[in-house]
Structures are given as C-alpha cells and as structure tokens.
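The model shown is predicted, which means the values in this text are computed figures rather than measured ones. First listed ligand is number 1; within each ligand, the first listed atom is number 1.
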Amino acid sequence: MPVDYSGTWNMLSNDNFEGYMVAINIDFATRKIAGLLKTQKVIRQDGDSFTMKTLSTFRNYSSSFKIGVEFDEVTQGLDNRKCKSVVNWVGDKMVCVQKGEKGNRGWTHWIEDDQLYLDLYCEDQVCQQIYERKP
Ligand code: YOG
C-alpha cells in the first residue's frame, strides 16, 4: 500500500534551483524572482489519481495525472514546453518522466521523516527541494 502524499506542504529548502532553471532555459530576470520564492505543494491523492498544485506569490502550476497513464503536459508559466509525461511508483517513490525537447527530464517525490522530498531534474542538473507539512 503506497504512502499518502495528500496534504499541504511548505518549502524548507531548495538546492540548485538555479541550475535546474538554467537547464530549462528560464531567463535571468525570471530566475532572480523565482529563486526567492518559497513554494507550497498542495497534493490531492485519490487512489492512483493525483492533483499537484505548486503555489507561490509569483506563479502557480498545476498538474493532474493517474499513475502509469501517459498524459500531455504543458509546463504553462514555467518553460512552456510540451511533454509526454508519465508517473510511476518505484516502491513508495513517485517517479515522473517528462519526455520532450529536453533530455533526461523528470522528477521524483518521496516522503522521509514526514517531510516531502522532490528532485527536479533536467539534463545534467538536479534541484532538490524539501517540504514540511503545513502546521
Ligand atoms: O512539479 O513539475 O511536484 O506538477 C518548478 C519550477 C516560478 C516560475 C515547479 C514559479 C521550475 C518561473 C514545479 C514556481 C522553474 C520559473 C512555482 C514543477 C520554472 C520557471 C510554480 C513540477 C511537479 C512535482 C508536480
């Protein structure tokens, strides 16, 4: 039985976000703003169906998917690319592959000590974010 990711999570740390943003070609000015943000993840998990909202004072991003079912993702408000994305369980980790113009793109979520981890990767860059449950 997979873990439950549902909840509201507040960002604690954001390592190499800059490298990830450069890899997906975010311009300098936008990176300077985005680098200051403390984002919040709001996750709704209903069996193998998910909605993940990434919220900030600057922009929001939302995606909905079912485990194992490929979906068309447009990274609207981020780098605005089209991807064929699919999320799978690898044990209790959620592993997303975002197939598109950018190589080796995707993300992995897992929970450790009641903290939510996210590795965002693109090409040779990995950004690691850690979230705590909203008190
Ligand atoms: O999340 O795939 O949790 O959908 C990555 C931001 C900054 C906009 C967001 C707004 C990449 C300007 C998570 C930040 C930086 C900079 C809040 C994407 C891009 C542009 C939206 C993601 C998954 C996994 C769920």
Between Y20 and F17, what is the ring plane arrangement, given parallel below 30°, perpendicular above 60°, and tilted in between?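 Aromatic pair Y20/F17 classed parallel.
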Among all protein non-hydrogen atoms, which one is nearest to [atom], and what is the separation to 0.1 Å?
atom	answer
atom 25 (C) of ligand 1	M52 SD, 3.7 Å
atom 8 (C) of ligand 1	G77 O, 3.9 Å
atom 21 (C) of ligand 1	R59 O, 3.6 Å
atom 12 (C) of ligand 1	T30 CG2, 3.6 Å
atom 1 (O) of ligand 1	K41 NZ, 3.2 Å
atom 20 (C) of ligand 1	I26 CD1, 3.5 Å
atom 23 (C) of ligand 1	W107 NE1, 3.6 Å
atom 7 (C) of ligand 1	A34 CB, 3.9 Å

Are D79 and ligand 1 in contact, using a heavy-atom cut-off of under 4.0 Å?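 No, D79 has no heavy atom closer than 4.0 Å to ligand 1.
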Looking at ligand 1, is there an atom of it that comes within less than 4.0 Å of some heavy atom belonging to H109?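 Heavy atoms of H109 do come under 4.0 Å of ligand 1.
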Would K93 count as a cation-pi partner of W110, with NZ or CZ less than 6.0 Å from the six-membered ring centre and within 45° of the ring normal?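 Yes, K93 and W110 form such a contact.
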Say whether [X] and [Y], considering side chains only, have a donor N or O and an acceptor N or O under 3.5 Å apart.
X	Y	result
K41	N10	no
S49	D46	no
N14	Q129	yes
Q128	D15	no
Y131	T39	yes

Audit row: I67, M94, side chain to side chain contact (heavy atoms under 4.5 Å, CB included) steps and yes/no: CA-CA 9 Å; I67 296 292; M94 303 178 72; 4.0 Å; yes
Any atoms of ligand 1 less than 4.0 Å from a non-hydrogen atom of M21? List them with their elements.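 Under 4.0 Å from M21, ligand 1 has these atoms: 15 (C), 16 (C).
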Per-atom contacts, ligand 1 versus Y20 - under 4.0 Å to a heavy atom: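 Contacts of ligand 1 toward Y20, numbered from 1: 11 (C).
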Test L55 against Y61 for side chain to side chain contact (heavy atoms under 4.5 Å, CB included), laying out the working first. CA-CA 7 Å; L55 307 177; Y61 183 69; over 6 Å; no
Could you check which of Y5, F17, Y61 puts a non-hydrogen atom nearest to atom 6 (C) of ligand 1?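 Closest candidate by heavy-atom distance is F17.
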Do V74 and M21 share a hydrophobic cluster (ILVMFWY, side-chain heavy atoms under 4.5 Å, transitive)?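 Result: no, two separate clusters.
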Can you tell me which portion of L118 lies within the under-4.0 Å heavy-atom range of ligand 1? Options are side chain, backbone, both, or neither.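 Side chain only.
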Between S63 and ligand 1, does any nitrogen or oxygen pair lie at a separation below 3.5 Å?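 Yes, S63 has an N/O under 3.5 Å of an N/O on ligand 1.
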